[in-house]
Amino acid sequence: MLEQVIVAGFGGQGVLRIGQMITYAGFAEGKEVTWAPSYGPEMRGGTANCSCVISDEPIGTPVLMEANSIIVMNLPSLHKFEPVVIEGGKLFINSSIIKEKATRTDISVFYIEASDIAAEAGNALGANMVMLGAYVAATGIVQLETLYDLVKQTFTGSKAKFVDSNIECIKAGAEAIKALV
Amino acid sequence: MAVVYKKSEALTDAPLTYCPGCTHGIIHKLVAETLVELGVFDRAIGVGPVGCSALCDFFFACDMFIAAHGRAPAVATGVKRAHPDKIVFTYQGDGDLASIGTAEVVHAAHRGEKITTIFVNNAIYGMTGGQMAPTTLVGQKATTAPEGRSEEHCGKPIRMAEMLATIEGAKFVERVTVNSPANVRKAKAAIKKAFECQIEGKGFAMVEVLSTCPTNWGYSPVEALRWLDENMVPYYPLGNYKNEL
Amino acid sequence: MAKKLMKGNEAIAAAAISAGATHFFGYPITPQSELIEYMARELPKAGGCFLQAESEVAASYMVYGAGGAGARVITSTSSPGLALKQEGLTYMISAGIPCVVVNISRGGPGLGNILPAQSDYFMCTRGGGNGDYYHPCFAPASVQECVDLVRHAFDVADKYRMPVLVLGDGMTGQMMEPCEIPPRQEVKADKPWAADGNHVARGEHNRINAMDLQADVLEAKNEDIQRRLKEIAETEVMYETVDVEDADIVFVAYGTSSRAVKNVLSKAKAEGLKMGLIRPISLWPFPTEAFDKIKKDCKAVIAVEQSCGQMVEDVRLAVLGRWPVEFYGRSGGNPIIPDDVLKMAKDILGGK
């Protein structure tokens, strides 16, 4: 198994967090993992992206030129990364924000109203968790339960109150995939 | 036979390499005597500069560093942070401290680094052969100011004691000279206070010592002492600029 | 010891603390910020001293002071900062002061950019300051190797009394991978040469000095430096080889670039092509001996670097005309493109 995923969006949408959650989950399940942020001026307010590799084998470069899966949270990221998906790969689009459709026909495209779904779940900032849930449900790279455990480990102390709403968002994302497939 | 005078135990037996009439020797002696009299010689660490006193690691009998040009306060910072219980001093000239090492001394003072700086100001680059220093007086000739220092071209000389005294972390700053027995006694009293400042853990301390350079000034030793008195002292007033002991 | 996920920068800092480092002096510069921030947060908890200097120059002399006084000391920076630290490095070589210097390099020349690049190879392997010297330089390719090499660097520095450089790049520093950090060791190294203020008990004063006015004295010091460097060159070489013996194409790449080349090797293997990799871990001393494993009829040795061609000079010296030497490089912070590297290799195999 070799999963290469790029997550992209505006800074502040939690795209690096999506990548970290995928990476932590793979690590928790005993797989080889790397996570690498894109890095540069765009970190400050422009688009941000990160690359994750989850594998059963030792990993080569953490810098991805192509990916099995792409998660995009804004329009510039769709334009930049749609060509990078390998043939037969998966493209996850936050369609609450991105109104354009993908043009590729040789990949599976999933439109998820992530921002709306997050708002309905009572967590307006949880669109990234909705996309995470959708991605994991569609790819089966890691178990959803592993993500729930991670959320519980991540949000502690004064932030423990965010545990339930984030898990709700992940679940809602996974449900959205069921409805699409 | 009664011993009425002997060399300080804080100095080695190595012969000094300074020119005849240079006051570095007197200043070395004052620092050495002070370390012994304050009972801190056995835990002193010195940091020498680049310049005429770059060989002072041979002369002071305590553990010694020689830093790169101007970096002595940074080296002393590293030493003091490694051994907070030791007494750490820098011994620097004016090209070293007031030109290439301005940032290091300003920030050591700014951090309130618990070190003592002995700043020997002879208004010229001695070891490199008489080039203009930031402390060279207006009109004073130097090999890189053959017509004399021009204020229009390169500004007035820098006054380090006054400048460092404005910094919060500096707790003792005084300017002295060693061109007469009375001034030597005053210089020693200031050096003693500057070490006490460190021993008491107050902060940064500096003594600026106006010094002669007969060789590069082109005077006899006696003429040099007089020239210092008539030209340097009016521009660099003697006295205490900060005393928070 | 449990593995945990860490960024390279943080892992380097944690490794230094685990290696018993007591002092860190540094100045902020991207992309090594997490390193200095981790040190500021964690070193005092371990009883050590973190101090932010007024400049890289000052930081390198705080290292000179603390290291010369016997402390286990580290500093970190990124390319332009290392250029400023070169003055301190050559003084520490002369004075025989052990320390670890980390360079998380970025694009150059000049201020360049903060993207990952490998264009500091010359500065890090040739003795970047004035005078006759080299110093060891280790280049990690993974976060775990960051940990292992930083710990190793302290021991090498103490053993040979000189600065040891650890060279990563923005990607090494920023990527997150699993690693194990051993528990902190308290180091009581014997440093009878240190100027630690114990001259009275010792019976003589120690002098830490980078100046020797007599020609014979300086020559003797230089001979001693060269003697230690020779011993390092004989005993401290580190490298990894992958499928070199049977390869028709051998790549040479270090650090981040070597990770991209490993992708190239996988793709080549899938196509039935025989390609191998020499990955220098010690950049100085350069692993010349690894090249003896290459078969006689190998078609080419290709240096792959995120630079305009620096390590390739050492590759040519190691190859000594035995095989054609080619170069693939990207600069400006651009990454190695594995498909382009593979195409270049296939073109060579195809006689293009």
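Sequence lines set the chain letters: A, B, ... in the order given, protein chains first and strands last, and positions in each chain run from 1.
Minimum interatomic distance between B:Ala82 and C:Ala71 (heavy atoms only, all atoms of both residues): CB-CB, 4.1 Å. For B:Val79 against C:Gly65, the heavy-atom pair with the smallest separation is CG2-O, 3.5 Å. Here the closest non-hydrogen pair linking B:Phe65 and C:Ala195 is CE1-CB, 3.5 Å. Taking all atoms of both residues into account, the shortest heavy-atom contact from B:Phe41 to C:His199 is O-NE2, 2.7 Å. Between B:Arg71 and C:Val57, the shortest heavy-atom distance links the atoms NE-CG1, 3.3 Å.
With a 4.5 Å cut-off on non-hydrogen atoms, C:Phe25 touches chain B through its side chain but not through its backbone. At a 4.5 Å heavy-atom cutoff, C:Ala201 makes no contact with chain B through either its backbone or its side chain. The contact between B:Phe60 and chain C is made entirely by backbone atoms, counting heavy-atom distances below 4.5 Å. Contact annotation for C:Glu204: only backbone heavy atoms (N, CA, C, O) come within less than 4.5 Å of a heavy atom of chain B. Proximity to chain C is limited to the backbone of B:Ala61, based on heavy atoms less than 4.5 angstrom apart.
Heavy-atom neighbours of C:Tyr27 OH from other residues, nucleotides or ligands within 6.0 Å: at or below the threshold of 12. Dense packing is recorded around CD of C:Gln226, with more than 12 heavy atoms of other residues, nucleotides or ligands lying under 6.0 Å away. Within a 6.0 Å radius of NZ in B:Lys156, no more than 12 heavy atoms belonging to other residues, nucleotides or ligands are found. Counted within 6.0 Å of CG on C:Asn130, heavy atoms from surrounding residues, nucleotides or ligands total 12 or fewer; the atom is thus considered open.
Put simply, CG on C:Leu51 and NZ on B:Lys80 are 14.0 Å apart, with the number rounded to the nearest 0.5 Å. To the nearest 0.5 angstrom, C:Glu54 atom CD is 7.0 Å from B:Thr77 atom OG1. To the nearest 0.5 Å, the span separating CD1 on B:Ile66 from CG on C:Asp212 amounts to 11.0 Å. Atom-to-atom distance recorded for B:Lys86:NZ and C:Asn198:CG is 4.0 Å, nearest 0.5 angstrom.
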Can B:Leu55 and C:Leu213 be said to form a side chain to side chain contact (heavy atoms under 4.5 Å, CB included), step by step? CA-CA 10 Å; B:Leu55 293 168; C:Leu213 294 178; 4.1 Å; yes
Walk me through it: do C:Arg202 and B:Asp63 pass the test side chain to side chain contact (heavy atoms under 4.5 Å, CB included)? CA-CA 10 Å; C:Arg202 201 186 301 121; B:Asp63 278 355; 2.8 Å; yes
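For the set B:Glu104, B:Arg81, B:Arg111, B:His110, the entry with the most heavy-atom pairs within less than 4.5 Å of chain C is B:Arg81. Put simply, of C:Asp196, C:Val63, C:Val73, the one with the most heavy-atom pairs under 4.5 Å next to chain B is C:Asp196.
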